Amino acid sequence: MDLFQTQYQIKLNAEEMRYFYNDVKNWEDNMKEMDEQLRNLKNDNEEELDEEKGDRDDLCENARNEENKETAEKYKEKGNSLVKSGHWEEAVEEYDRAIELDGRVAAYYGNRAYCYLQLNQLKQAEEDCTLALKLDSKYYKVLLRRAIIRRKLGNLVDAAIDLDNLLQMNVENVAAWKEYHDLYPQLKDLNCYNILKTKLPPQTVEEPKTLAISKNVIPNKKPIPKRTPEVEELVKLEMNGPQTEENETQEVTLNKPLKQKKNFAADSLFAEITPLRTKPAHKRSKLPLKRISIEDCFK
């Protein structure tokens, strides 16, 4: 083989090698592209699966939450029944179960705080009131309850602040006004009036007024006038009946002074007490009594 043929054969071999290399490179690029597509497809499928799984998990979680809420409400109702019957410790256990299932309800903490208050466990009651107010800042009943608990614990300033905040939000709360009115004078020595928005006037204690009551003077009434001779005659006529011979003899025989007996009916109308002359039953007048107006006889 001469030199020319050898060079030509080398050139052909180089061309074949270049074509082969290009084919291999194209195949490699195609394989990489296919791998990328498969990888993307796998990621898309995984995301869809994750979304579906997340949706399923959310549905299951919601179902569990609803079931827990219903069960917690049952425990709460049972606790309320125990509170009405005065079984405080058993009621606390029921509220504990309700809080374990659903700890986002302020009423559970507020009711348990009331039971702790009845059991005189003031610290636990205050903590439950604080937790309830974090969940519901306008839980007026619990805010008043915490003020009462803090007052019992001796924390008068915080109790006054709770009552002040309650009255700022609900000015028509009668129970809060009563507690605030009782607590306000005790804050005088604590110098905390400047931090309170609800102000009360200073209280003054009035001494009870004493009335001098005399024997013949009725308080707050005008003094009773004395009887005139005309009134004396009318009273005698009313007491002894019409004048007869028997009455005259009776007056003659009974001319000695008699002991005065109090006549409360007459004493309530007149300032003087007139003695009554007693007669035997068979000699008393049978005539009916007459009502006589004596207003015109006063002078």
Side-chain angles (χ1 to χ4, degrees), residues 1-80 82 90-116 121 123-143 145-146 158 161-162 165-166 168-170:
M1 182 179 295
D2 57 2
L3 179 62
F4 178 77
Q5 290 180 346
T6 302
Q7 290 178 347
Y8 180 74
Q9 187 65 38
I10 293 171
K11 184 178 180 180
L12 290 177
N13 293 339
E15 289 288 337
E16 290 180 0
M17 290 296 297
R18 187 173 70 251
Y19 291 143
F20 178 76
Y21 175 76
N22 291 334
D23 291 340
V24 171
K25 190 174 184 306
N26 291 334
W27 177 82
E28 184 178 2
D29 293 339
N30 291 334
M31 293 301 296
K32 288 181 179 180
E33 185 177 355
M34 291 178 63
D35 289 341
E36 186 68 21
Q37 292 178 356
L38 290 174
R39 193 179 298 111
N40 293 334
L41 181 62
K42 182 179 180 181
N43 292 333
D44 294 340
N45 293 334
E46 288 180 352
E47 290 179 358
E48 292 179 359
L49 291 175
D50 292 338
E51 290 179 359
E52 293 178 358
K53 184 179 179 181
D55 294 339
R56 288 196 301 269
D57 293 341
D58 292 340
L59 292 175
C60 294
E61 186 67 21
N62 293 333
R64 283 195 297 269
N65 290 337
E66 291 296 329
E67 184 179 357
N68 291 340
K69 287 181 180 179
E70 294 178 0
T71 308
E73 281 296 321
K74 292 180 181 179
Y75 285 132
K76 175 198 169 186
E77 295 298 331
K78 189 175 180 181
N80 292 346
L82 292 171
E90 292 82 352
V92 168
E93 295 177 357
E94 297 299 326
Y95 292 132
D96 288 340
R97 296 188 182 98
I99 291 172
E100 288 178 1
L101 293 174
D102 188 5
R104 295 170 294 179
V105 181
Y108 300 162
Y109 297 98
N111 294 353
R112 190 172 68 175
Y114 178 74
C115 296
Y116 282 138
Q121 299 178 12
K123 283 293 184 181
Q124 293 88 333
E126 183 184 10
E127 291 175 0
D128 275 354
C129 288
T130 303
L131 292 173
L133 291 171
K134 286 182 179 179
L135 296 171
D136 185 3
S137 60
K138 294 185 178 181
Y139 201 165
Y140 300 146
K141 186 192 300 184
V142 172
L143 187 56
R145 188 172 298 158
R146 188 173 71 173
D158 289 340
I161 293 173
D162 283 345
N165 294 333
L166 176 56
Q168 292 297 320
M169 292 186 292
N170 186 14

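Please read all numbers here as calculations on a predicted model, not as lab measurements.
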Rounded to the nearest 0.5 Å, how far apart are [atom1] of [X] and [atom2] of [Y]?
X	Y	atom1	atom2	answer
Cys129	Gln124	SG	CD	11.5 Å
Leu41	Arg39	CG	CZ	12.0 Å
Asp136	Leu131	CG	CG	13.0 Å
Thr71	Glu66	OG1	CD	11.0 Å
Asp96	Leu101	CG	CG	11.0 Å
Leu133	Asn165	CG	CG	10.0 Å

Extract all donor-acceptor atom pairs below 3.5 Å that involve side chains of residues 20-28 and protein atoms in other chains or at least two apart in sequence.
unit_1, atom_1, unit_2, atom_2, d
Asn22, ND2, Arg18, O, 3.2
Asn26, ND2, Asn22, O, 3.1

Please assess Glu73 against Tyr108 for the test side chain to side chain contact (heavy atoms under 4.5 Å, CB included), listing each intermediate value before the final yes or no.
-> CA-CA 9 Å; Glu73 281 296 321; Tyr108 300 162; 2.9 Å; yes
Quick one: closest heavy-atom pair of Leu135 and Arg104, and the distance?
->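 Minimum heavy-atom separation between Leu135 and Arg104: CD1-C, 3.9 Å.
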Which pair of heavy atoms, one from Cys115 and one from Ala91, lies closest together, and at what distance?
->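 Residues Cys115 and Ala91, closest heavy atoms: SG-CB, 3.8 Å.
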Do the non-hydrogen side-chain atoms of Asn80 and Tyr95 ever get within less than 4.5 Å of each other?
->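 In short, these two side chains touch, coming nearer than 4.5 Å.
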Any side-chain heavy-atom pair from Glu93 and Lys78 closer than 4.5 angstrom?
->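 Not touching, per the 4.5 Å side-chain cut-off.
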Flag yes if more than 12 heavy atoms outside Tyr75 fall under 6.0 Å of its OH atom; otherwise flag no.
->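 No, OH of Tyr75 has 12 or fewer neighbouring heavy atoms, counting only those of other groups under 6.0 Å.
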Okay, side chain of Arg145, backbone of Gly110: is any donor-acceptor separation there less than 3.5 Å?
->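 Checked: pair present.
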Short question: side chain of Tyr109, backbone of Gly103 - any donor-acceptor pair under 3.5 Å?
->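 Yes; at least one donor-acceptor contact below 3.5 Å.
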Going by an N to O cut-off under 4.0 Å, is there a salt bridge joining Glu100 and Arg97?
->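 Salt bridge flag = no for Arg97 with Glu100.
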Can you name the side-chain hydrogen bond (donor to acceptor under 3.5 Å, both in side chains) partners of Asp162, sequence neighbours left out?
->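 Once residues adjacent in sequence are excluded, the partners of Asp162 under the side-chain hydrogen bond (donor to acceptor under 3.5 Å, both in side chains) criterion are Arg146, Arg150.
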All salt bridge (charged side-chain N to carboxylate O under 4.0 Å, His left out) counterparts of Glu127, not counting sequence neighbours =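 In terms of salt bridge (charged side-chain N to carboxylate O under 4.0 Å, His left out), with neighbours along the sequence ignored, Glu127 is linked to no residue.
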